[in-house]
Structure formats: structure tokens, C-alpha cells
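In this chain, numbering begins with 1 at the start of the sequence shown.
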Amino acid sequence: MIRTIRVEEITKNIKEMCIEANHFLSPDMAEAMKCAEKNEEAPLGKQILEQLQENLKIAGEDMIPICQDTGMAVVFLEIGQDVHLEGGALEDAVNEGVRQGYVEGYLRKSVVGDPLIRENTKDNTPAVLHTRIVDGDRVKIKVAPKGFGSENMSRVFMLKPAEGIEGVKEAVLTAVKDAGPNACPPMVVGVGIGGTFEKCALMAKEALTREVGSHSEIEYVKELEEELLTKINSLGIGPGGLGGTTTALAVNINTYPTHIAGLPVAVNICCHVNRHVIRTI
């Protein structure tokens, strides 16, 4: 049976999700930050984590953004194949939701309409939209406003297959070391392994929306996530880049089949707020 959803419902939810993501830390990130403060060994690192949590508390109570960079809106839609969308174009509905969220929510508008002419669009549109058709009659929406302090630190490595898992580890650690304090640690590190040039980057981006503390269902990937998190936290970059034992809160890895001649690896780093909201309608 086909289920009809009007695109106005998509707009309404995305508007609310943009505002929510920019004012409140997701529950998994809030818990990760508390654990990080408790376990941080460096006195200065612990102090910075306390200050970051005080900032988050004030943001929620006073309804002001948790970061001055309210990001470029990245939207993932998983659309059930038994859904019929009506009432207008889906992409227009998504962008209208972002426009309403950023204008009515008084969020900073950071998007320019052309990458070289650099004229601000004044409503934070367009969003970066990724859609996927899946089974069922629901639409799953992920809204992840991405700040560019951390986005600018992200990397794609086109490794040779012979470099193998050790090459992957070196690529991830290189990206994190090069990012240093610029990605506003403690960070979440999204990694995509496999596919093609663009597929690995997309996987790394979506990995940031996975619940912190969860792991890949593939056993060797789970072990790789845990090993890389330990190695990253041994780098000493620490909260705010001022030293400590908490450089990352999580390493989330997605994988995909790839070509016999390639081993693409993408590292998409996110700052300590790692904004994301997920809803299903």
C-alpha cells in the first residue's frame, strides 16, 4: 500500500530540526562529553571540558546557538519506496525547511551562492541533500549542520590496495594530526573506506550521525574504531588543542565494496558539538 506524505511535513520537520540541532547537543554527545570530563587526566583539559559543558547549558537555557558557526545544513533522506510525496518538489521543500529554520531561528547565515563570487544567500540555503530509496513507507530524516572549522580539516586519501589496513590507520592519524586544534576538539572522526572517490567521502560524512558509543557490526571494523580512538587520544592534542587525553570522543567507520585497483579512504572530522538530529515520519 502506498502512503502519501505532503512535502510540507518534510519542511516543518527540517525547520524544527535545524533549530534543535543548533541549540541542543544530541543525547549521545551529551553523555560522551560528561564521560570525557570525568575521565580527562590533564587538569587544563578537564577545565576546558567543564567550560564547554557550561557553554552548552547556557545555550539550552537561553536558546542561543551552541556555536557561533551554525553550519551549512547537510540533510540525509531515506525515502521508503512505498511513499508518495505530493504538494511540490522535494528539494524545494527541504530548502524551505532550512530557510525557515535559519531565518526564524535567528541562526547565522553562512552560505554563499557561488563559491568564487561569494555573495551570501541570506537564508543559509541551499542545503546539501543526499537521498536514498529504501524499503517501507516511512521517511527518515537526518539533519547535520556542519561547521567549517572542522570541515576544512577533512581529507580524502586514494590509497593503493597494498597499503591495506595499516595504510588506513596512517591516513586517519595523519588527518587528525594535521587538524590539531583547528577542528575544535574533542572531535568525532567519521571515516569512509571503500567505494569510489565520492562514495568514501559520503560514508565518512554520514558516519558522523551514528550514535556515539555504538560500533560497526563488522567485527574487524569495530576493532579498528576502538584502536584508532585509543591512538588518537594518545596524540596529546586534547580539549581545545591545549593538551590532554581526550582528543576524540568517537571514531565511526563505514565501509563499502571497492575496485580491485583502489583503496579510497575519507576522513570527515567534526567538532565537539557534532550537531545531528534524526527523525522518522
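Defined by atom type and a distance below 3.5 Å, a donor-acceptor pair is present between the side-chain atoms of Glu170 and Thr174.
Cluster membership check: Ile269 shares its hydrophobic cluster with Leu229, using side-chain heavy-atom separations under 4.5 Å among Ile, Leu, Val, Met, Phe, Trp and Tyr.
Considering all non-hydrogen atoms of both residues, His276 and Ser26 come closest at CE1-OG, 3.3 Å. Among all heavy-atom pairs drawn from Thr125 and Asn95, the shortest one is CG2-O, 3.3 Å. Contact between Ala42 and Gly244 at its shortest, heavy atoms only, is CB-CA, 3.7 Å. The minimum heavy-atom distance linking Cys200 with Gly194 is given by the pair CB-O, 3.4 Å. The shortest non-hydrogen separation linking Tyr102 to Gly71 is OH-O, 3.6 Å. Among all heavy-atom pairs drawn from Ile48 and Gly240, the shortest one is CG2-N, 4.3 Å.
Side-chain atoms of Asn13 come within 3.5 Å of backbone atoms of Glu9 as a donor-acceptor pair (strictly under, hydrogens ignored). Side chain of Arg155 to main chain of Ala175: no donor-acceptor pair is present (N/O by atom type, distance under 3.5 Å, no hydrogens or angles). Checked by atom type and distance alone, the side chain of Thr70 pairs as donor or acceptor with a backbone atom of Arg108 at under 3.5 Å. Panel note: side chain Thr11, backbone Ala93; a donor-acceptor pair is recorded below 3.5 Å. The main-chain N or O of Gly213 is never found under 3.5 Å from a side-chain atom of Asp28 such that the two would form a donor-acceptor pair. When atom types are taken as modelled, the side chain of Glu225 and the backbone of Ser216 share a donor-acceptor pair closer than 3.5 angstrom.
Ion pairing between Lys169 and Glu166 holds under the 4.0 Å rule for side-chain N and carboxylate O. Using a cutoff of 4.0 Å between basic side-chain nitrogens and carboxylate oxygens, Lys222 and Glu226 are scored as salt-bridged. Taking 4.0 Å as the cut-off between side-chain N and carboxylate O, Lys205 and Glu151 count as a salt-bridged pair. Looking at Glu8 and Lys12, no side-chain N of the basic residue comes within less than 4.0 Å of a carboxylate O on the acidic one, giving no salt bridge.
Through direct or indirect side-chain contacts shorter than 4.5 Å among Ile, Leu, Val, Met, Phe, Trp and Tyr, Phe197 is connected to Val156, Met158.
For residues 246-255, the side-chain hydrogen bond (donor to acceptor under 3.5 Å, both in side chains) pairs, not counting sequence neighbours, are Glu40-Thr246.
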Let me check something: any side-chain donor-acceptor pairs from residues 184-193 under 3.5 Å, sequence neighbours excluded? List them with distances.
none

Can His259 and Thr196 be said to form a side-chain contact (heavy atoms from CB on, under 4.5 Å), step by step? CA-CA 8 Å; His259 191 277; Thr196 53; over 6 Å; no

| request: Report the C-alpha distance between Glu206 and Arg132 in whole Å, list the side-chain angles of each, state the deciding distance to 0.1 Å, and finish with yes or no for salt bridge (charged side-chain N to carboxylate O under 4.0 Å, His left out). | output: CA-CA 12 Å; Glu206 191 162 16; Arg132 191 157 66 95; 5.4 Å; no

